[in-house]
Engineer: 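I have a structure I would like to understand better, so I am pasting it below and will then ask my questions one at a time.
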Amino acid sequence: MSELPPANSPTTVEDALLDGLTPPQREAVTHVDGPMLVLAGPGSGKTRVITRRVAYLVRGVGIAPWNVLAITFTNKAAGEMRERVSELLSEREARAATIATFHSLCARLLRRYADRLGLPAGYSIYDSSDQQRAMKQALNDLEINPKNFPPNSMLHTISNAKNELVDAEAFAQTAGDFYNRTVAKVYKKYTQILTRNHALDFDDLLLKTVQLLKQHPEVLAELRERYQYVLIDEYQDTNHAQFMLANALASGHQNLCATGDPDQSIYGWRGANIRNILEFEQHYPNAKVVRLEQNYRSTKKILAAADGLIRNNSARKHKQLFTDNDDGDPVQLVTMQDERQEAHWLVERFRDLHVNEKLAWGEMAVFYRMNSLSRVVEDALRDAGMPYQIARGTAFYDRAEIKDAVAYLRVIANPADEVNLLRIINTPTRGIGNQSIKAMQAHSLASNRAVDDIIRDPMSVPGLSNRAQNAVAKFAKMVDEWRTAAGLNEAPDLLLGQQGLSPAASDDEISLRELVERVITESTLEEHYRKDKSDPDQERLANLGELISSAQQFEEDYLNEAAEDGNDAPTLRDKLLALLERISLVSDVDSVDQGEGAVTLMTLHAAKGLEFPIVAMVGVEDGLLPHQRSQNEGEKGEEEERRLCFVGMTRAMRRLYMTSTRYRTIFGQTMPVIPSRFLNELPTDAIEVCDVSEDGDDPFGDDFEPHTSAREQAGEFPPGTRVRHPQFGIGRIITVARSGSHTRARVEFNAAGVKTLILQYARLEKV
DNA sequence: ATTGGAATCGTTTTT
DNA sequence: CGATTCCAAT
């Protein structure tokens, strides 16, 4: 996979960039002006094509690198793309091009043009826990019972609306029934709270940027001029707001290159609209369409299995996938007794591959549908002494102690941020209880002053005890000192977000590391966790230490980058805002390191875009994959689950294991489970079925064959038949219904109640 | 005001 | 089952 061609063959720069490419890849790389859609099957060298194309635009065509904008899905993907482009060009040129995620690009644009939207440049980006707090506040203010209107589903509905660019006002106009009218009220309140707190949530980043471009044609013109060549990766996962953004940026020059694969669209639940990619040619009738169908990643068997699966989807553009790679081993479908045996079996399998086939730990990965499934696998790996890493980039920042420390930093950077202020005002406890907080909030409302303002003047708050007044005054003084140290106090005009006005760092300004350190000590967070007896290993303290070092690392990187860009004196405020933005926008995959020499564990969603020689998918069972909750959305939901399964399978290069169990314990409850219906859709000649569960009864049936005997099965158990089930005991068939290749029977058991079973798998006997 | 224990709840995927 | 919330005792 070397990007550098042999020195003797091609002579010109263009030739070098096109070396080793297939005709369709070459077509995609050399297309310059006008819209283009690259439909890239899994493992078809898409990343290679994208990076070469960026290099080609710069070197081959002579386009300035800063005129190129490439948008990826994760920070990690952006980093890798920058890396690979810099190998083809120079580091300087690679940095000149804008390579970012939608969210980080928007965050940056909103800071730059904050004044046009009346947005404070120091705005906070709210993550989901901040959102929840804000939502609870909204429900509280409106005196709505969260029992009837759960905060999470409110947020979900509002998020969907924002993705469709529907603001609170527009939502209210379409809200017909009682539920939606209530949501409309909540939406409005929630928006007010965020505005008052100078905060944006994830969806706002997109929404506000689209509004910026709509309302300020001069900004749009500026950006269009700057970004003359726009490239968007993973286009199948864009939502309406992102679609509008892409269209706006490309609206003049039409130089929009979208790459992606409809068969890998797995974010429909988050508002992604698969039609964006399916209807690209309707939006851009003169679009060039390139299909990359040759797979360089997987063996023939693995590709055949995955292709056989995805052919069962109806809403798709068919691609004729093929590969010149070896046949390889069949995909192994293994049935285990329970999740512990499953994990244990996997560990032994991995050990065997490591010892006998000399495979590195880093070449193996385990995928699962839900994060909670990782625990058992993790335990087994730990017991076996195998190195492993879990792709949970957000896990570190999810820890309570880290969240607290970050909340302090947010409050320093953004005085208006009451959600975070109230989070930390009594953490660790310093004698400002619930009553006091309520009193201050009430006073804030009554006097129309910000809470940040109130805490400087605690005497004026009615009903605040003397003790509390002192505690609040002390707290306010502490925050003030930090702000002064950070150079944030003297220049209130900075809050209005005038770019370019921020002065160069003064010499006496402390470093970011120092600020973080001071906050952790002076807030007494450190002391609190040092005394914490529920944490004898002082893990929490160690995490706070890690936050300090990560801030230091971040600061060094930031200074280096700024120096390269000719800005040698970023202020502490700049550094702080950048750090907070980064913390808000980390994703799970960002933390995986394939060279780490460890088995990698991650969700199927996080696996997109990666590849591993050895892949094991665990919990491939009905109810898990496809997930129970997807069934409510009918066919559409099931097709997305099938794509998710497809994504997982196509990550595998050489070997693929898909395991299921007979019993699985979820949320503390052990339930009998059956293999995923998707396994029946895999072509028989690409798979090998194996049952290692204790009682050894093959759940696929002796003559496992897809699409068989559904009708016979139905005839065998007419409603009313009395049956016996190995777990549920004696029962009576209520209804029998065919669905796809299965026959489902509802059975009323004497002891276990009514269950829905699949006849092919449930070992029912007539009584 | 703070603390710990009991009760309750909600369970997918994530920028 | 684990996390969060609630409540009663300090």
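Chain naming here is simple, since letters A, B, ... match the order of the sequence lines and numbering starts at 1 in each.
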Engineer: Checking A:R82 now: which residues fulfil side-chain hydrogen bond (donor to acceptor under 3.5 Å, both in side chains) with it, not counting sequence neighbours?
Structural biologist: none

Engineer: For A:D203, answer base if it contacts any base atom (sugar-phosphate contacts may also be present), sugar-phosphate if it contacts only those atoms, and nothing otherwise; contact means non-hydrogen atoms under 4.0 Å.
Structural biologist: nothing

Engineer: Tell me whether the OP1 or OP2 atom of B:dT12 has a side-chain N or O from A:S630 closer than 4.0 Å.
Structural biologist: no

Engineer: May I have the list of side-chain donor-acceptor pairs in residues 134-155 of chain A shorter than 3.5 Å, sequence neighbours left out?
Structural biologist:
unit_1, atom_1, unit_2, atom_2, d
A:N145, OD1, A:K147, N, 2.8
A:N152, OD1, A:Q132, NE2, 3.0
A:S153, OG, A:P150, O, 3.1

Engineer: Calculate the interatomic distance between A:Q631 atom CD and B:dT13 atom C1'; express it in whole Å.
Structural biologist: 15 Å

Engineer: Which is the 5'-most and which the 3'-most nucleotide of DNA chain C that has an atom under 4.0 Å from a heavy atom of chain A?
Structural biologist: C:dC1 to C:dT5

Engineer: Using a 4.0 Å heavy-atom cut-off across all strands, classify A:S436 as base, sugar-phosphate, or nothing.
Structural biologist: sugar-phosphate

Engineer: Going by side-chain hydrogen bond (donor to acceptor under 3.5 Å, both in side chains), name the residues that satisfy it together with A:D167, two or more places apart in sequence or in a different chain.
Structural biologist: none

Engineer: Using whole Å, report how far CD1 of A:I390 lies from P of B:dT13.
Structural biologist: 13 Å

Engineer: Of all the choices, B:dT14, B:dT15, B:dT12, which nucleotide is nearest to the side chain of A:H103 once you look at every atom?
Structural biologist: B:dT15

Engineer: How many Å lie between CD on A:E641 and C1' on B:dT12, as a whole number?
Structural biologist: 8 Å

Engineer: By nearest nucleotide on DNA chain B, pick out whichever of A:L585 and A:R369 is the more 5' one.
Structural biologist: A:R369

Engineer: Mind calculating the distance between CE (A:M370) and P (B:dT13) to the nearest angstrom?
Structural biologist: 7 Å

Engineer: Show me the pairs that pass salt bridge (Lys or Arg N to Asp or Glu O under 4.0 Å) and involve residues 155-164 of chain A, at least two apart or across chains.
Structural biologist: A:K162-A:D201, A:K162-A:D204

Engineer: May I ask you to evaluate whether A:N371 reaches the phosphate of B:dT14, defined as a side-chain N or O under 4.0 Å from OP1 or OP2?
Structural biologist: yes

Engineer: Name the nucleic acid region contacted by A:F73, choosing base, sugar-phosphate or nothing; use a 4.0 angstrom heavy-atom cut-off, strictly under.
Structural biologist: sugar-phosphate

Engineer: Got a sec, which residues hit side-chain hydrogen bond (donor to acceptor under 3.5 Å, both in side chains) with A:E527, two or more places apart in sequence or on another chain?
Structural biologist: A:K531

Engineer: Please give, in whole Å, the distance from B:dT14 C1' to A:Q236 CD?
Structural biologist: 15 Å

Engineer: Output the rounded distance in Å from CG (A:D237) to C1' (B:dT13).
Structural biologist: 12 Å

Engineer: Quantified in whole Å, what is the P atom distance between nucleotide B:dT13 and nucleotide C:dT4?
Structural biologist: 15 Å

Engineer: Measure from CG on A:L604 to C1' on B:dT14 and round the result to the nearest Å.
Structural biologist: 14 Å

Engineer: May I have the distance from A:Q242 (atom CD) to B:dT15 (atom C1'), rounded to whole angstrom?
Structural biologist: 8 Å

Engineer: Please list all pairs passing the salt bridge (Lys or Arg N to Asp or Glu O under 4.0 Å) test where one or both residues lie in residues 400-410 of chain A, with sequence neighbours left out.
Structural biologist: A:D130-A:R410, A:E401-A:R540, A:D404-A:R423

Engineer: Could you work out, with side-chain hydrogen bond (donor to acceptor under 3.5 Å, both in side chains) as the rule, every residue matching A:T101, not counting sequence neighbours?
Structural biologist: A:S104

Engineer: Can a donor-acceptor pair be found between the side chains of A:T72 and A:D233 at a distance below 3.5 Å?
Structural biologist: no

Engineer: Assign the ring pair A:H605 / A:W269 to parallel, tilted or perpendicular, where the plane angle (0 to 90°) is split at 30° and 60°.
Structural biologist: perpendicular

Engineer: Show the distances under 3.5 angstrom between N or O atoms of the protein and N or O atoms of nucleotides 2-11 of chain B.
Structural biologist:
unit_1, atom_1, unit_2, atom_2, d
B:dT2, OP1, A:G431, N, 2.7
B:dT2, OP2, A:N426, ND2, 3.0

Engineer: I would like to know whether A:K46 and A:E234 meet salt bridge (Lys or Arg N to Asp or Glu O under 4.0 Å); could you show each step before the answer?
Structural biologist: CA-CA 10 Å; A:K46 183 187 63 173; A:E234 309 284 14; 3.8 Å; yes

Engineer: Whether A:T603 contacts B:dT14 is assessed here as follows: a side-chain N or O lying under 4.0 Å from the phosphate OP1 or OP2. Is that the case?
Structural biologist: yes

Engineer: Scan A:K136 against the nucleic acid and name what it touches under 4.0 Å (heavy atoms): base, sugar-phosphate only, or nothing.
Structural biologist: sugar-phosphate

Engineer: Tell me whether A:W269 and B:dT13 count as stacked here, given that the ring centres must be under 5.5 Å apart and the planes must differ by less than 30 degrees.
Structural biologist: yes

